[in-house]
Each structure stands twice: as C-alpha cells, then as structure tokens.
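Everything below concerns the one structure shown next.
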Amino acid sequence: MAKKTLNNLTDLKGKKVLIRVDFNVPQDEQGNVTNDRRIRAALPTIQAVLDAGGSAIVMSHLGRPKGDPKKDTPFKMDKVAQRLEQLLGRAVKKVDRVVGPEVEAAARALKAGEVLLLENLRFHPGEQKGDAALASQIAALGDVYVNDAFGTCHRSDASMLAVPAAMKGKPRVAGKLVAKELDILDNLLSSPPRPVVGILGGAKVSDKINFIKALLGRVDKVLIGGAMSYTFMKAQGRTIGGSRAEGDKLDLARELLTLGGNKILLPVDHLVVQKLDDPSTAKVVEGDIPEGWIGVDIGPKTIALYQGEVGKAATVVWNGPMGKFEDEPYSKGTRTMAQALANSKGVTIVGGGETAEAVEEFGLAEKMKHVSTGGGAFLEYVEGTPFKALAEIDDK
Ligand code: 3PG
Ligand code: MG
C-alpha cells in the first residue's frame with residue numbers, strides 16, 4: 001500500500017493514539033448490539049497499539065441520530081463500550097461527550113495500555129458537517145491518528161477528514177483493517193485470477209448502478225438475483241406478477257443489459273408466493289412470473305446454474321442477497337450461494353452490509369477469503385471512487 005500503516009510506526013510507547021473505527025453496528029430497538037463483526041474487525045489495531053505501549057482513544061459514529069436526545073438514546077455508545085470491553089478483555093473507559101472538559105481530562109489521565117471510547121461522534125452537530133472547530137478539539141487529544149474505519153472511508157465526516165487534516169505533522173496512518181481491506185480490493189481490481197464471477201442481488205438496481213457498470217467492465221459473468229432481477233425482467237417486457245420492481249428504472253436496466261450482453265445471467269426460475277407472509281402458498285415457476293404471484297427467491301434451476309458458475313470461477317465477488325433471505329422459507333437461494341462460495345477454491349470476496357450479515361448468520365464467514373466490513377464503502381471503492389479520507393493519511 002502506498003499509504004503509511006500502523007506497521008510503519010515503530011515508537012508508540014507512551015503515545016495517545018486516536019483511532020477512528022467504524023463501530024456502526026446493527027442494533028435492536030433497545031440499542032443492543034446484534035452483530036459485533038465490525039468491533040471484532042478493529043481489535044487487531046487497538047491491540048497492537050496497546051501492545052506497543054500506547055494508549056487508545058477510540059471513536060466512531062453509531063447509526064443516524066436525529067439530534068433528539070430522547071429518541072437518540074439507543075445510539076449512545078455504552079453498549080458498544082461493553083462489547084468492546086468483553087472482546088478486548090480489558091477495561092474500556094467511556095465518556096458521555098465527544099469533546100469538552102470531561103473528555104480532555106479523561107484523555108489526559110489515560111495511561112499506557114488503557115482504552116478510552118468517546119461518545120457517538122454524530123451526537124455532535126459538527127461531525128457530519130466536517131466542522132474544523134470540532135476537529136481541532138478532537139485532534140488535540142492524540143499524538144497519532146489512525147484511520148481504521150474502512151466502512152466509513154466513503155464519508156467526509158470531521159473525524160475522517162478534518163481531524164487528520166488538523167493533525168498534519170503528527171503521524172497519520174491506516175490501521176490494520178483498512179490496510180487489509182484495501183490490499184484485497186486492490187488485488188481484485190488489478191489482477192484477479194480468472195474467470196471472475198460477480199454475484200449481484202438486493203432490492204434495487206438504482207442503488208448499485210455504478211457498481212454494476214464497474215463490475216461489468218471487470219468480470220466474466222454477472223449472476224443476478226434478488227428483487228433487482230424483477231426490474232431487469234420487466235425491462236425485457238416480461239411479466240413479473242406482483243413482484244417488487246423499480247418501474248421508473250426500466251431504461252436504466254435496459255442500458256445495463258445491453259452493456260453486459262451475454263455476461264449477464266438472470267434467474268431462469270423463481271420461488272413465488274401469493275402472499276408475502278404466507279410461505280404455505282410458495283411454488284416454483286419457470287420463466288416469467290404470472291399475475292397474482294410475487295417472487296421471493298431464485299428457483300432450484302437457477303440455484304444449480306449459479307452454483308455451476310461459482311464452481312468454475314477463480315474469483316467470486318458477491319454483493320446482495322438472492323431473495324427475501326431474512327424469512328427462512330425464502331432463504332434457500334442466498335444460503336446455497338453462500339455455501340457455493342464457501343466450497344469454492346477460488347478467491348471469494350463478500351461485500352459488507354446485509355450480504356456479510358447473511359454469510360455470518362449461516363456460519364460461513366470464516367470460509368470466505370474476505371468478508372468486507374464496508375457496505376457503501378465497499379461499493380464505492382470497487383466502483384473506482386477514491387476515498388478522500390485516504391488522502392489525509394501520510395504517504396509511505
Ligand atoms: C455504513 O455502515 O455504511 C458506515 O458506517 C457509514 O454510515 P452512514 O451510511 O450512516 O454514513
Ligand atoms: Mg451506509
């Protein structure tokens with residue numbers, strides 16, 4: 001990597017290391033952490049800082065708080081702090097503010113080997129505005145800046161850009177997670193073992209236009225599943241019954257189909273139901289979806305076809321579920337694709353967000369070459385959008 005990483009820093013003894021992580025984890029309504037993958041992924045960096053005799057001032061956003069203290073309670077970092085403490089096996093001191101006297105005192109009192117977690121950065125109105133005054137207050141807390149927030153690298157929040165900018169002259173490096181994600185994605189983008197198969201699912205074509213275009217330029221086949229396949233089918237003038245589709249994106253879907261030519265595979269059969277919440281009505285249809293029926297997953301012939309393509313691939317990159325996988329009766333397509341990747345001897349890369357969650361839920365995450373912690377960041381990097389946050393990290 002062209003950027004300095006934590007490995008390039010030799011003397012962290014007694015240093016206060018400001019680490020921007022992405023602890024924006026899935027939560028239930030009470031704010032309990034329902035998946036701690038992003039916290040686990042940041043542990044090597046935090047641990048390395050502590051092992052080297054530094055102290056860690058850890059900071060992240062969590063969710064999208066609205067500025068209403070009552071409604072924002074679930075977004076407080078306390079439960080994240082507890083989980084970090086469990087995973088790290090050390091005490092984590094958590095402050096209730098992002099900046100201010102309480103935070104400064106806690107940072108000052110921090111000793112080698114200790115960990116401090118700031119309150120949700122987005123509780124401060126300056127974070128998402130990239131506010132320089134907020135940034136200089138945060139910057140003053142640390143001797144070193146580490147960006148280990150891969151999942152947030154596509155954002156311009158103060159902690160991602162203005163803080164490292166304010167720390168110019170002090171060491172500013174990428175953490176272990178960011179370095180690992182970038183290495184794997186750079187390899188995928190430059191010289192992937194061929195053939196390369198992309199698997200693309202999820203609800204909307206419109207969310208992933210640039211990603212699809214970028215993939216089409218790099219892969220040998222794209223296997224489409226999820227609700228976006230109904231938009232493509234509709235664009236071809238086929239019937240899709242009551243299936244979810246983006247009626248205003250048909251021109252775009254046609255453009256992508258033309259661009260992809262015979263690289264693009266659409267489902268040849270579907271699992272359909274009459275009522276979404278009644279799996280007992282489920283049946284398999286081939287080809288088009290008749291009126292009165294709703295597509296919820298790819299069908300068995302499609303599963304076999306896609307498994308075959310994954311089996312032949314030397315590189316597989318996957319983003320987006322194949323169906324409404326959160327409902328068990330409609331999860332077979334997504335589950336079998338996850339299994340196909342797990343069985344593959346090729347390089348298997350899974351994009352973050354709900355695809356990563358699905359793979360984890362099936363207990364197959366460890367079988368993949370890489371499961372990204374980035375949702376939007378993963379998509380943007382593969383699209384070729386440079387991360388502004390990386391420009392604020394020192395060159396090697
Ligand atoms: C993410 O999960 O995409 C990142 O943590 C960024 O969060 P955001 O989409 O709310 O900016
Ligand atoms: Mg996002």
Side-chain angles (χ1 to χ4, degrees), residues 19-28 31-43 45-46 58-68 71-72 74-77 79-81 83-84 98 117-131 134-135 146-164 174-175 177-178 180-182 185 201-204 206-211 318-321 349-360 365 370-383 385-390 392:
I19 311 175
R20 198 342 176 156
V21 293
D22 186 339
F23 285 174
N24 182 24
V25 291
Q27 299 173 279
D28 66 15
N32 296 305
V33 177
T34 55
N35 182 312
D36 61 10
R37 205 168 60 90
R38 282 178 161 178
I39 305 177
R40 283 185 276 120
L43 294 177
T45 287
I46 300 172
V58 182
M59 57 178 177
S60 178
H61 73 287
L62 175 58
R64 293 178 175 169
K66 299 276 183 294
D68 172 348
K71 287 194 188 133
D72 290 346
F75 299 125
K76 283 171 68 72
M77 295 298 273
K79 285 176 173 148
V80 170
R83 186 62 64 92
L84 176 61
V98 176
L117 179 67
L118 305 189
E119 187 49 278
N120 187 346
L121 295 168
R122 287 188 182 170
F123 281 3
H124 194 294
E127 167 67 355
Q128 288 186 278
K129 292 191 188 124
D131 185 56
L134 167 65
V146 180
N147 175 349
D148 213 23
F150 179 77
T152 318
C153 276
H154 59 318
R155 296 284 182 240
S156 300
D157 295 9
S159 58
M160 300 300 296
L161 298 184
V163 170
L177 172 63
V178 165
K180 179 178 161 204
E181 295 257 16
L182 293 176
L185 293 186
K204 292 183 179 172
S206 56
D207 282 346
K208 295 187 185 161
I209 303 163
N210 293 327
F211 183 74
W318 180 20
N319 189 276
I349 299 172
V350 178
E354 59 178 351
T355 327
E357 277 161 40
V359 166
E360 284 237 312
H370 184 61
V371 181
S372 180
T373 54
F378 173 85
L379 295 178
E380 287 199 22
Y381 198 74
V382 175
E383 283 162 20
T385 314
F387 289 150
K388 287 195 206 119
L390 281 185
E392 300 297 337

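Basis for what follows: all heavy atoms, side chains included, without hydrogens, waters or symmetry-related copies. Just so you know, ligand 1 is whichever comes first in the structure, and atom 1 is the first atom listed for that ligand. What you see is a predicted model, and the numbers here were worked out from it, not measured in a lab.
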Q) Do you see a donor-acceptor pair shorter than 3.5 Å between the side chains of Glu360 and Asn35? A) yes
Q) At a non-hydrogen distance cut-off of under 4.0 Å, which region of Arg122 contacts ligand 1 (side chain, backbone, both, or neither)? A) side chain
(Q) Heavy atoms only, cut-off 4.0 Å: how does Arg38 contact ligand 1, side chain, backbone, both, or neither? (A) side chain
**Q.** Atom indices of ligand 1 within 4.0 angstrom of Asp22 heavy atoms, with elements
**A.** 4 (C), 5 (O)
Q: Could you list which atoms of ligand 1 come closer than 4.0 Å to a heavy atom of Asn24?
A: 1 (C), 2 (O), 4 (C), 5 (O), 7 (O)
Q) Which class fits the ring pair Phe150 and Tyr381: parallel under 30°, tilted 30 to 60°, perpendicular over 60°? A) perpendicular
Q | atom 4 (C) of ligand 1: the protein heavy-atom neighbour that sits closest, reported with distance to 0.1 Å | A | Gly151 O, 3.3 Å
Q.
Please determine whether any non-hydrogen atom of Gly375 lies less than 4.0 Å from an atom of ligand 1.
A. no
**Q.** Closest non-hydrogen atom pair between Ser159 and Arg20, with its separation
**A.** OG-NE, 2.8 Å
Q: For atom 7 (O) of ligand 1, state which one of His61, Arg155, Arg64 supplies the nearest heavy atom.
A: His61
Q.
Could you go through Glu392 and Asn147, starting from their C-alpha distance and side-chain angles, then the distance that decides it, and tell me whether this counts as side chain to side chain contact (heavy atoms under 4.5 Å, CB included)?
A. CA-CA 9 Å; Glu392 300 297 337; Asn147 175 349; over 6 Å; no
Q) Within a strict 4.5 Å, meaning less than it, do heavy atoms of the Leu379 and Asn319 side chains meet? A) yes
**Q.** Among Asp22, Ile46, Val58, Leu177, the one residue meeting side-chain contact (heavy atoms from CB on, under 4.5 Å) with Asp148
**A.** Leu177
